[in-house]
Structures are given as structure tokens and as C-alpha cells.
Amino acid sequence: MKISKKTKRTLAYVGIIGGCAVLALTFFTISQFERAKYQASVQIQLMAKSRLDKALNADSTALTNVESPYYPFAVYYDELYNHFTAVTNSNSAAYVGTAIPAYAFSMATLVSFGLVLKHAEKTKEKEEKEV
């Protein structure tokens with residue numbers, strides 16, 4: 001069974017547009033997940049900073065004075081804040097790293113759709129001239 005040129009072109013068009021669209025949706029979904037992780041880590045980081053500041057306002061030596069009643073809280077929230085600062089930076093990079101390809105592939109989908117329409121119109125005109 002021989003496939004006609006028109007069918008081959010249609011399959012190529014669908015493959016190009018569909019491939020770009022699937023990649024755009026995949027990267028968009030992943031970037032939204034990374035965005036949610038980033039927002040959650042920012043919230044925890046801000047909460048830890050707020051509670052650390054409260055402990056330090058109550059006793060300014062809470063991080064260094066082992067005898068301070070606020071020492072365990074200050075140490076815990078300081079470690080939590082430092083840990084989630086690194087997590088937030090990592091999540092931010094992951095979000096940007098997936099959002100940029102999502103945007104690029106969505107633009108590529110639109111551009112490829114326009115180019116496919118242009119190519120299909122030229123091909124149709126060429127076939128009409130031959131007939």
C-alpha cells in the first residue's frame with residue numbers, strides 16, 4: 001500500500017504541531033509543579049524567619065546562650081530557615097528552568113501552525129497550477 005504525498009504531508013504537519021504542543025503541555029505541567037514547590041518553600045522559609053525573629057526579640061542571645069529558655073527554639077528555626085533558603089533557591093531554579101522551555105514550546109507550536117498553514121497553501125497553489 002502506497003501512501004500519497006498529501007497523506008505524508010498531513011502526517012508531517014500533525015507530527016510537527018502535535019509534538020510541539022505535547023512538549024509545551026508537558027513542560028507547563030512540570031513548571032506548575034515546580035512553582036507550587038517554590039511557593040511552599042517560601043512560606044516555610046518566611047514562617048521560620050518570623051519565629052526566629054520572635055525568639056531573638058525575646059532574648060537577643062538565644063542563638064548563642066545555651067542557658068537561654070529560647071535557645072532550642074532559636075536553633076531549630078535558624079536551621080529550618082537556613083535549610084529552606086537553599087531549598088527555595090533550588091526550587092526557584094527548577095521553576096525557571098521548566099517555565100522557559102514551556103513558553104518556548106508554546107511559541108513554537110503557534111509558529112509551526114502558521115508555517116504549516118503557509119506551506120499547505122503554497123502546496124495547494126502549486127498542485128492547482130499543475131492541473
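The chain is numbered in sequence order, starting from 1. Keep in mind the model is a prediction, meaning the values are calculated, not measured.
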To the nearest 0.5 Å, atom OG1 of Thr85 lies from atom NZ of Lys49 at 8.5 Å
Determine whether Ile44 and Tyr76 fall in the same hydrophobic cluster, where Ile, Leu, Val, Met, Phe, Trp and Tyr are linked whenever their side-chain heavy atoms lie under 4.5 Å apart. yes
Working to the nearest 0.5 Å, report the span between OG1 of Thr98 and CZ of Arg35. 11.5 Å
Measuring only between side-chain heavy atoms, which start at C-beta, is Val87 closer than 4.5 Å to Phe84? yes
Spell out, yes or no, whether Val14 and Phe113 are grouped together once hydrophobic residues are joined by side-chain heavy atoms under 4.5 Å, including indirect joins. no
Within 6.0 Å of CD in Glu128, more than 12 heavy atoms from elsewhere: yes
Are the side chains of Thr29 and Phe33 in contact, using a 4.5 Å heavy-atom criterion? no
From CG (Leu56) to CG (Asp78), nearest 0.5 Å: 8.0 Å
Ser112 to Ile16 - nearest heavy-atom pair and separation: CB-CG2, 3.8 Å
Can you give me the closest heavy-atom contact between Tyr70 and Asp59, atom names plus distance? CD1-CB, 3.7 Å
Check: Thr26 side chain, Val22 main-chain N or O, donor-acceptor pair, under 3.5 Å: yes
Exercise: identify the closest heavy-atom pair between Leu80 and Ala48: CD2-CB, 3.8 Å
Are Leu117 and Ile17 connected, step by step, through hydrophobic side chains (Ile, Leu, Val, Met, Phe, Trp, Tyr) whose heavy atoms are closer than 4.5 Å? yes
Ser50 (side chain) donor-acceptor with Leu46 (main chain) under 3.5 angstrom: no
Are side-chain heavy atoms of Lys126 and Lys122 found at a separation under 4.5 Å? no
Starting at CG of Leu115, measure out to CG of Leu110 and round the result to the nearest 0.5 Å. 11.0 Å
Within a 6.0 Å radius of atom CZ on Phe28, are there more than 12 heavy atoms belonging to other residues, nucleotides or ligands? no
State plainly whether the residues Lys37 and Glu34 are in salt-bridge range, i.e. N to O under 4.0 Å. yes
Would you mind reporting whether Tyr77 and Met47 have side-chain heavy atoms less than 4.5 Å apart? yes
Under 3.5 Å side-chain donor-acceptor pair for Thr88 and Ser41: yes
Minimal heavy-atom distance between Leu52 and Ala74, with the atoms involved, is CD1-O, 3.4 Å
Quick one, Tyr13 and His119 - any side-chain contact, counting heavy atoms below 4.5 Å? yes
Please say whether more than 12 non-hydrogen atoms of neighbouring residues, nucleotides or ligands are located less than 6.0 Å from OH in Tyr38. no
Write down the atom of Gly97, the atom of Pro101, and the distance for their closest heavy-atom approach. O-CD, 3.0 Å
Are Arg9 and Glu127 close enough for a salt bridge, meaning some N to O gap below 4.0 Å? yes
Ala55 and Ala62: which non-hydrogen atoms are nearest, and at how many Å? O-CB, 4.1 Å
